[in-house]
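Okay, so here's the structure we're looking at.
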Amino acid sequence: MKKIFYQGFTFTNPNGKTDNWTLVIGNQVRVGSLFELRRQVHFFTELGILPPPKISK
């Protein structure tokens with residue numbers, strides 16, 4: 001499993017395929033390409049409707 005941390009959000013890739021990433025925001029699970037999920041993070045951040053990201057220690 002691969003993980004990428006981006007602006008406080010975690011993208012996971014359980015299958016090892018580069019085009020299949022998972023993003024969990026609150027109780028929503030989104031699956032898509034890394035490009036698409038990053039675009040969604042930017043879009044929802046601009047709208048101000050994302051919950052604050054979890055800060056990992």
Side-chain angles (χ1 to χ4, degrees):
M1 179 191 301
K2 295 182 180 182
K3 289 185 180 182
I4 294 178
F5 300 101
Y6 178 74
Q7 294 186 353
F9 297 97
T10 305
F11 299 94
T12 57
N13 185 338
N15 300 332
K17 297 180 181 178
T18 58
D19 61 343
N20 190 19
W21 291 86
T22 303
L23 171 64
V24 177
I25 300 174
N27 60 355
Q28 295 183 12
V29 177
R30 298 180 180 268
V31 177
S33 68
L34 189 58
F35 175 79
E36 176 63 24
L37 295 176
R38 286 180 50 204
R39 188 189 67 76
Q40 288 181 17
V41 167
H42 283 285
F43 177 72
F44 290 120
T45 301
E46 288 181 11
L47 291 178
I49 59 174
L50 281 178
K54 296 178 183 176
I55 305 300
S56 61
K57 294 182 180 180

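Computed over heavy atoms, backbone and side chain alike; hydrogens, waters and symmetry mates excluded.
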Results of side-chain hydrogen bond (donor to acceptor under 3.5 Å, both in side chains) for Arg39 - residues two or more places apart only
Glu36
Atom pair CZ (Arg30) and CG (Leu37), whose distance is rounded to the nearest 0.5 Å:
8.5 Å
Check residues 42-49 and write down every donor-acceptor pair under 3.5 Å in which the side-chain atom is one partner and the other belongs to a residue at least two apart or another chain.
unit_1: His42; atom_1: NE2; unit_2: Tyr6; atom_2: OH; d: 2.5
unit_1: Thr45; atom_1: OG1; unit_2: Val41; atom_2: O; d: 2.6

Side chains of Asn20 and Val31: does their closest heavy-atom pair fall under 4.5 Å?
yes
Taken in chain and number order and not counting sequence neighbours, the residues that satisfy side-chain contact (heavy atoms from CB on, under 4.5 Å) with Leu34 are Ile4, Phe11, Trp21, Arg38
Straight-line distance of Lys2 NZ to Thr12 OG1, nearest 0.5 Å
12.5 Å
